[in-house]
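Report on one structure; see the data block that follows.
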Amino acid sequence: MKPRFRLAQMLVLNRLVRARFAKIMEKILFIEDEPALQKTLGDVLNKEGYKVVSALDGELGLRMAKTEKPDLILLDLILPKITGFDLLKKFKADPETKKIPVVVLTNLGQMADIEKVLKLGPAAYLIKNNYNLAEVVGKIKKTLKER
Amino acid sequence: MSKKILSQFNIVSQCRKYGLSLWQCPQFLFLLMGLIIIVSSILSYMIGSRYIDDPGTVALVVIIITAVLFTIASIITRSFENLAELSRMKSEFINVVSHQIRSPLTNLKWALDFLTSNDWKKTPEKEEEYRSVLYENINRMSELVDDLLVVSRLEQGTVPLRKKEVSLEKMVEGLLSEFKSFAAACNLKIEFSHQAGLPLVFVDPSQMKIVFENLIDNAIRYTKGGGKIRLHLEKKDKNIYFEIKDSGVGIPKEDQKYIFQKFFRSENMMREQTKGSGLGLFITKAIVEEMGGKIGFISEEGKGTTFFFNLPIK
C-alpha cells in the first residue's frame, strides 16, 4: 500500500513541477531559412532554458506565430515564400501578434533596409555578422525581460 | 509607361541613382548641351544673316552646325551614361556579394562560438555535427569565390581557354554520378539519353563542366516535390545539341528576359530558395558563347523549364 501511494504522489508532484516549468519556460519562434543557424542558435537557446520552435520559411512562420503564441519572435529578412519585411508588417497589423516582441536578425546592413524595418517597430535590429552567439543570446534575454 | 517616361525627365532623381553630383551627371549635361546648342544656333543665324545674303544658305549653315553639335553632345553623354551605369552596377555587385559572403561567415562564426564556449555543454556527437557545419560553410564560401573568379575572368577575358577534344556524353555521365545523391534526396529521377557515336568536341573541359553543373544543379534545385529531369545530347549538322528538361517551378514570363543577367534571381525562385549567387546562368551563357555556341530556354511557370545549347564541334 505504502510504496504505491508514494508512486502516485510522485506522479502528481512530477506533473505539478512540469506544469510549473512549462509556465516559466518562455517560447521563442525562430524564423530563419539557414539550417546551420537554426541549429546553432536553436541549440544554445535550448541550453539557456528556452523552448524554441523553428520555421524555415515565411509562410510557416506566419502560421506558427498564431498557433504557437510565442513570447518572442526571431526574424530573418530574406526568407522563402514571404519575406521578413512583409511578415513584420503582418505581425504588427494583427492584434493577435501585435504585442509579441520581434528581434530582426539579418545580414542586410544597408541603411535603406534598416530604416524600412525600424519604421515597422521591431524590438531590435541585429546584423548577424556583427554579433557573436553570446551577445545575441544576451539581447534576446534582455528583450524578454523588458517585455 | 507614361510614368516611366516622366521619370526619365526627373533629372535630379536620375543623378541620385548614379550617386553623382549634377555637374558629373549625364542627364544634366545633356540638357545643358541642348541649351547651348539652341543658343549657338540662334547666334549663328544672327551672324550668318548679317554676312550672307542668301537666306537658304544661312538656314543650311545653321542646320549643319546644330546637327554637328547635337551629334557630339549625344555621343559624349551616352558614353558618360554607360560609365555611370557601370559604376552603379559595380556597387550593386558589391552589395549582393557582401551579403552572399556574410551568410556562410555567420554560420562559421556562430558554430565556432558554440564549439569553443565553456558556457554550453556539448556531447562529442554534437561537436562532430558542428564540425561538419564548419566544413559545409567553408565549401560554400569557396564555391562563391570560384564563381566570382569565373565572372571576372569572363569579363576581362585575360585567361585563355584550354581547349581539348572532349566527349560530352562521358562528361555528363560523370557529373550525373556526382549529382546522384543530391537528386535522390530531392526525390528526383534523372534520365540521360544520347545518340550513339557522337563526335568529340573541341572545348575547354573545366569550363564545360561548369556549364553542365550549373544547368543540372538548377534543374534539381527548382524542381519541387519530386519529378523527372531529362538530359539529351545529339548531333545536329556541325553542332552538338544539348538539352535539359525539368518539371520544376518554371520561370515567369516577365522574368524571362532577365534570366541570364548577372545577379538576377527570379521572384518565384526566391520563394523556393533564397540561397544562390545569381551568377550561375550568367556564367553558363558567357562560357557557351565563348566556345562559339548559343544557349536558350523555353519555360512555363508551374510546368517546367528546358535549357538547350548548340556547340560547334570544331
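In this text the structure is predicted, and so the values were computed from the model without any measurement. Naming convention: chains lettered A, B, ... in sequence-line order (proteins, then strands); numbering from 1 in each chain.
- Across all their heavy atoms, A/I78 and B/H99 have their closest contact at CD1-CE1, 3.7 Å.
- With a threshold of 4.5 angstrom between heavy atoms, A/L105 approaches chain B through side-chain atoms but not through N, CA, C or O.
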Criterion side-chain contact (heavy atoms from CB on, under 4.5 Å) on A/I127 and B/R102, from CA distance to verdict: CA-CA 10 Å; A/I127 296 174; B/R102 262 178 167 173; 3.9 Å; yes

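- Pairing each heavy atom of B/K121 with each of A/K47, the nearest pair is O-NZ, 2.7 Å.
- Heavy atoms from other residues, nucleotides or ligands lying under 6.0 Å from NZ of B/K228 number 12 at most.
- Here the straight-line distance linking atom CG of A/N129 with atom CG of B/L105 works out to 5.0 Å at 0.5 Å rounding.
- Distance CG/B/N137 to CG/A/L37: 8.0 Å, rounded to 0.5 Å.
- Atom NZ of B/K209 is surrounded by 12 or fewer heavy atoms from other residues, nucleotides or ligands within 6.0 Å.
- A 6.0 Å sphere centred on CZ of B/F182 holds more than 12 heavy atoms belonging to other residues, nucleotides or ligands.
- For the set B/K122, B/E136, B/K126, the count of heavy-atom pairs under 4.5 angstrom toward chain A peaks at B/K126.
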Between B/W120 and A/D43, is the side-chain contact (heavy atoms from CB on, under 4.5 Å) condition met? List the steps. CA-CA 9 Å; B/W120 305 299; A/D43 276 355; over 6 Å; no

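- For residues 107-119 of chain B, the interface with chain A (any heavy-atom pair closer than 4.5 Å) comprises B/N107, B/K109, B/W110, B/A111, B/D113, B/F114, sorted by residue number.
- Proximity to chain B (any heavy atom under 4.5 Å) is restricted, for A/Q110, to the side chain, taken from C-beta onward.
- Counting non-hydrogen atoms of neighbouring residues, nucleotides and ligands closer than 6.0 angstrom, the CZ atom of B/F80 reaches no more than 12 such neighbours.
- Of the listed residues (A/N107, A/T106, A/T40, A/N130), just one forms a side-chain hydrogen bond (donor to acceptor under 3.5 Å, both in side chains) with B/T106, and that residue is A/N107.
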Would you be so kind as to tabulate the donor-acceptor pairs closer than 3.5 Å made by side chains of residues 244-254 of chain B, with sequence neighbours excluded?
residue	atom	partner	partner atom	Å
B/D246	OD1	B/G248	N	2.8
B/D246	OD1	B/T305	N	2.9

